[in-house]
Amino acid sequence: MKKEVMEMIQKIEKRRNRRHGLSHFQSYMNHIGNPEKGLQSIHVAGTNGKGSTTNYIRSMLQKAGYNVGTFTSPYLITHLDRIRINDENIDEDEFLALCKQYYSSWIQWDLGMFEIDMMLACVYFKNHNVDFVIFEVGLGGRLDATNIIQPCVSLITNIGMDHMELLGDTYDKIAYEKAGIIKNGVDVITTETKKECLDVFLNQANIHQSNFYRVHIPSCIDCDNGVHFLYKGYDVHLQSNAVYQIANATLALETVLQLKEKNRITIEQQHILDGLFQAEWKGRFEIMQQNPVVILDGAHNPDGIKALCESLKNYKNVAILFSALKDKKFEEMLDLLETVTQDITITHFENSRSMDLSAVKKRKHVKIMDDYHKAFEAMLKKKKVIVITGSLYFISEIRKYWY
């Protein structure tokens with residue numbers, strides 16, 4: 001990456017949430033000409049599975065010949081992978097040119113990092129005249145910077161106990177924040193199952209006169225060599241061995257089927273099946289090597305870890321390398337992981353929010369290693385299935401080993 005691009009990214013990343021509110025950001029977008037307007041968009045909220053759902057939709061639409069923009073977070077390899085067209089990162093030179101064009105306005109309006117990224121994405125997608133954009137919510141929904149868009153459909157994957165200091169300490173409170181993406185007359189689709197969350201979604205859908213659809217998640221027919229399931233006559237195969245991807249793929253499939261039914265897209269069955277099979281989402285049950293098998297999974301809350309553990313039932317002789325952010329429920333996450341294996345190593349990684357290892361020293365069945373480089377090297381010597389999890393930021397660091 002060019003030095004000037006890296007320096008600009010560093011400037012952007014230093015501008016954390018300025019807490020001026022969504023209306024302030026909307027005013028800024030008005031000031032620069034509302035680049036978000038005119039984009040045919042899909043909005044994806046939820047606690048877990050947003051990125052995977054986004055990617056499955058992108059892959060199917062792309063197979064059907066559409067140019068598809070995606071806005072996702074956090075990044076896994078480079079900051080630029082947040083903004084993509086047809087799964088290709090924003091070009092470095094174009095990124096830098098846009099940054100220089102709008103830099104003074106960011107300072108004048110005191111924008112935060114996520115607002116800057118959202119603004120850049122909208123301008124980039126508008127400049128390239130994409131057919132669809134899929135926007136992944138950063139945090140919550142109601143007050144998220146992505147909530148300036150007027151989508152053609154809104155998706156909510158699920159509700160879990162995460163970011164409770166900001167979103168609330170009960171399922172219905174968190175559901176209310178996620179349901180904040182529901183717009184007047186815009187269909188809402190979810191794979192959530194909890195009644196208290198569904199009641200919130202339905203209430204908000206009624207207020208906004210929006211059609212509400214709950215997708216029922218099919219069972220896995222075969223999970224040994226990729227995931228295989230049936231949905232509405234579609235015989236779906238995924239490359240991933242993660243059972244939890246059935247919910248995300250089904251939500252994506254239902255979304256595409258409804259867009260087709262409403263004549264918003266033209267897509268054939270083979271486009272759908274090929275798109276689902278060929279979609280790869282890095283950092284989600286991603287197998288990095290075979291000897292030993294190393295799996296990276298970005299599960300970073302109890303619900304994500306629970307889904308990971310379900311997929312790990314198909315594996316024997318597992319060892320886990322774990323690290324999390326200090327504001328996460330890491331004790332509950334570790335309790336769940338101990339149902340899979342007693343071979344767990346906990347480490348620290350280079351992030352100001354990384355967990356304090358002293359907080360877990362009383363756990364009986366874990367090994368603690370301060371240096372994640374040494375911990376990772378030790379894991380690779382084991383003749384076991386190595387699973388590295390606990391934080392997307394952590395697996396992003398580990399992933400550099402292969403690149």
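From a predicted model like this one, the values you see are computed outputs, not experimental measurements.
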With side chains defined as the heavy atoms from C-beta onward, is the minimum distance between [X] and [Y] less than 4.5 Å?
X      : Y      : result
Val133 : Gln40  : no
Ile189 : Val215 : yes
Asp110 : His20  : yes
Ile42  : Pro151 : no

Option among Lys232, Arg214, Lys260 that satisfies the salt bridge (Lys or Arg N to Asp or Glu O under 4.0 Å) test with Glu254: Lys232
For Lys367, does the NZ atom have more than 12 heavy-atom neighbours from other residues, nucleotides or ligands under 6.0 Å away? no
Classify the angle between the aromatic ring planes of Phe376 and Tyr401 as parallel (below 30°), tilted (30 to 60°) or perpendicular (above 60°).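 Perpendicular.
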Identify, with sequence neighbours excluded, every residue that meets side-chain contact (heavy atoms from CB on, under 4.5 Å) alongside His271. Lys63, Ala64, Ile267, Glu268
Check Tyr124, Trp109, Phe114, Tyr28 against Met119 for a side-chain contact (heavy atoms from CB on, under 4.5 Å) and give me the one that passes.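 Answer to the side-chain contact (heavy atoms from CB on, under 4.5 Å) test with Met119 among Tyr124, Trp109, Phe114, Tyr28: Tyr28.
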Distance alone, cut at 3.5 Å: any donor-acceptor contact between the side chains of [X] and [Y]?
X      : Y      : result
Asp327 : His163 : no
Lys183 : Asn147 : yes
Asp274 : Gln270 : yes
Asn48  : Asp303 : no
Thr146 : Asp144 : yes

Of the options Phe322, Phe349, Phe330, which is the one that meets Phe394 in a ring pair (Phe, Tyr, Trp, His ring centres under 6.0 Å)? Phe349
What do the steps show when you test Arg284 against Asp297 for salt bridge (Lys or Arg N to Asp or Glu O under 4.0 Å), and what is the final call? CA-CA 5 Å; Arg284 276 69 170 188; Asp297 194 280; over 6 Å; no
Quick check: closest heavy atoms across Asn301 and Thr47, and the distance to 0.1 Å?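 That closest heavy-atom pairing would be ND2-CG2, 3.6 Å.
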Presence of salt bridge, Glu36 and Lys126, under 4.0 angstrom: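 No, this pair does not count.
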Using a strict 4.0 Å threshold on nitrogen-to-oxygen distance, state whether Asp162 and Lys328 make a salt bridge. yes
Qualifying ring pair (Phe, Tyr, Trp, His ring centres under 6.0 Å) pairs, either residue in residues 86-105, two or more places apart: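 Residue pairs passing ring pair (Phe, Tyr, Trp, His ring centres under 6.0 Å), neighbours aside: Tyr103-Trp106.
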